[in-house]
Visitor: 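Structure below; questions to follow.
Every number for a ligand or one of its atoms is a count from 1 in the order of the listing. One is the number of the first residue; the rest follow in order along the sequence.
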Amino acid sequence: MAENKFYGDSATQEMRQVAEDLGIQTVWDRELLQQPHCGFGLLGICCKNCNLGPCRIDPFNPNGPKLGVCGADADVIAARNLLRHITAGSACHNDHGRELTKAFKLAAQGKAPGYQITDESKLKVLAQEYGVKVEGRSPQDIAVDLADRIFAEYGQQEGELVLIQRAPKKTKEMWRKLGIMPRGIDREVVEALARTNMGVDNDYRSLMRHGMRVALSDGWGGSMIATELTDILFRSPRPLDSRVNLGVLKYDQVNILVHGHVPVLSDMIAQAASDPELIKLAKEKGASGITVAGICCTALEVLIRRGVPVAGNFLQQELALVTGVVEMLIVDLQCVMPSLPNIASNFHTKVVSTSPRAHFPGSEYVEFKEEQGYEIAKKLIQTAIENYPNRNQEKVHIPRATENLISGFTTEYIFEMLGGKTLSTYKPLNDGVAMGRIRGVAGVVGCDNPKMQSGETHIKLIKELLKNDVLVVQTGCAATACGKEGLLTPETAFKYAGKGLQEICEAVGCPPILHMGPCVDNSRILTACCEIVGAGGLGVGLDELPVVGIAPEWMSEKAIAIGWYFVASGALVIFGQPFPVYGAKNMTNFVTKEVEELTGGKWAFEIDPLKMAKITIEHMNSKRKALNLKPMMYQ
Ligand code: BF8
């Protein structure tokens with residue numbers, strides 16, 4: 001294999017070569033075929049919202065069109081398009097939260113036998129926040145009422161969301177003043193679609209204000225609900241070890257991949273895989289056991305709670321099949337490439353889709369129902385085992401690369417980590433920031449993207465941040481990218497951390513990079529920021545914190561929604577590539593400057609990871625200065 005012919009970690013490079021040798025087209029090949037990408041699309045100035053068009057604004061030719069047929073200018077077109085992106089992303093997270101609420105209610109009613117309430121104390125805290133009576137009641141009764149309150153919040157028309165009340169007073173007042181406090185979850189999504197219809201909301205600022213309201217209904221609504229209920233149902237994570245990268249697949253075992261997002265399915269598969277009957281069957285078929293591994297965010301759900309290994313992130317989903325050792329790929333929804341059944345057809349791999357919302361031609365469809373969760377999971381695993389003898393040994397190729405990683409840091413666990421079991425506090429972290437040992441906290445999150453150097457962007461960025469005493473929190477495919485580099489082990493991360501960060505991490509016993517879970521668990525970053533404000537000494541609003549969110553290789557509309565809920569909550573958010581906006585001058589000014597006057601947060605776009613780090617550091621320095629904190633101790 002030619003050295004550095006491909007970007008990415010060594011397993012990715014190796015498997016891209018195998019795919020090429022087998023004549024299998026992958027995401028990188030298709031990306032090349034799309035180049036150059038449509039310029040109007042990249043700039044955000046094409047509109048196909050009605051049949052007066054499709055229209056485009058031509059920013060290059062002075063005589064070209066500057067208005068759509070209806071009269072919409074570049075700013076209105078870009079704002080409408082962007083609001084639709086935010087809405088689609090938020091809808092995904094909100095629907096994920098709805099699915100969890102459904103499973104949670106069925107479990108509480110005793111109608112979903114494989115699921116139980118495992119974290120009763122978290123259940124009680126959440127129930128009280130929702131105004132559900134807890135004293136003298138069984139967890140099941142509390143949970144049924146709680147589920148109904150949450151369902152009602154999806155359809156709520158007036159008022160404010162419950163979990164957004166966790167935000168500091170100053171931040172909530174800002175949202176109320178701006179009129180962007182979300183009133184209900186579904187309501188904001190519907191209103192966004194109505195506003196972006198031709199001839200409804202024709203003011204880019206107004207469209208963006210609603211964009212922030214939709215995004216807030218995701219971060220402090222659907223995503224936070226998903227996180228809380230997943231913890232209650234499947235246990236609250238605590239740090240644990242596991243392994244990551246394609247090398248977790250096994251030559252002599254039945255390999256089953258779970259891919260997608262909602263853990264209602266993946267957790268059940270992980271549970272059923274240890275059923276003695278199934279292990280016996282696997283042995284009868286000549287395998288030494290069953291390996292379940294994950295792709296994308298559902299991988300991280302079962303990683304942080306069960307230590308299930310991660311086979312790969314978004315860009316590795318096709319390559320996992322190219323190993324030729326996957327007996328079954330079980331998918332639900334989100335970030336699942338439509339190309340997978342076609343790639344699987346080169347091998348013995350069965351692709352099974354399970355969600356009534358997400359169908360994949362070329363796959364087998366087995367609808368997943370919580371009521372028969374364990375049975376369905378067992379049946380699927382049995383079919384996978386029976387497929388094991390069909391493996392074509394000539395097409396088998398597993399790359400060696402795997403790394404250890406530690407994951408499972410939650411807002412609640414950070415309390416324990418910092419303060420010990422008796423003293424529940426974020427104060428040591430705040431003191432570390434105030435005294436100049438830690439510069440600030442960066443969330444390095446989001447996807448991996450073939451337009452970028454597939455993972456290397458994350459690694460270069462994070463090493464630079466650690467060197468400059470920035471504590472890093474991670475979620476999603478960005479976390480997997482760093483895991484594959486070995487950065488999610490305390491030893492490796494310490495190697496790159498500056499002296500101040502090292503001192504704090506050693507004193508409190510935490511690694512300098514905290515893996516907090518899948519993308520819906522970005523809500524944990526919000527609640528951790530609330531705890532930091534609550535611990536005192538670093539301002540009274542979220543906008544005052546030296547905190548930056550970065551998605552170096554974002555690709556999904558969900559990343560846009562996440563970025564916007566952080567900007568609306570007062571953070572600087574950096575994307576490696578801009579979302580489509582640069583063709584609209586006033587909109588560009590709004591998202592990168594003007595919005596800061598409203599929420600304290602804003603956007604920056606920068607492709608170079610070292611420059612991303614520089615923007616982060618400068619932003620943290622300016623926040624530190626505004627808070628009148630001590631200069632950095634060692635720099
Ligand atoms: O929600 S990081 S590629 S897997 S969108 Fe998708 Fe991006 Fe991965 Fe999860 Ni998040």
Visitor: Taking the six-membered ring where the residue is Trp, are the ring centres of Y115 and F104 under 6.0 Å apart?
Guide: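 Not under 6.0 Å, so no.
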Visitor: So, E20 and R16, do they make that salt bridge, N to O below 4.0 Å?
Guide: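 Salt bridge flag = no for R16 with E20.
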Visitor: What number of protein N, O or S atoms occur at distances under 2.8 Å from atom 9 (Fe) of ligand 1?
Guide: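 Excluding waters, the total comes to 2.
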Visitor: Can you list every pair that meets side chain to side chain donor-acceptor pair (under 3.5 Å) and has a residue in residues 564-577, with sequence neighbours left out?
Guide: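 Listed by first then second residue: W220-S569.
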Visitor: Quick test of your reading of the model: are E606 and K614 salt-bridged, counting only N-O distances below 4.0 Å?
Guide: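 Salt bridge between E606 and K614, a charged N being under 4.0 Å from a carboxylate O: no.
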Visitor: Below 4.0 angstrom from a heavy atom of M555, which ligand 1 atoms are there? Numbered from 1 as shown, please.
Guide: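 Answer, ordered by atom number: 3 (S).
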Visitor: Pick out which of F314, W603, F575 makes a ring pair (Phe, Tyr, Trp, His ring centres under 6.0 Å) with W554.
Guide: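 Running ring pair (Phe, Tyr, Trp, His ring centres under 6.0 Å) over F314, W603, F575 with W554 returns exactly one hit, F575.
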Visitor: Mind checking the OG1-CZ spacing from T354 to R357? Nearest 0.5 Å is all I need.
Guide: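 Answer for the OG1-CZ pair, T354 versus R357, is 11.0 Å.
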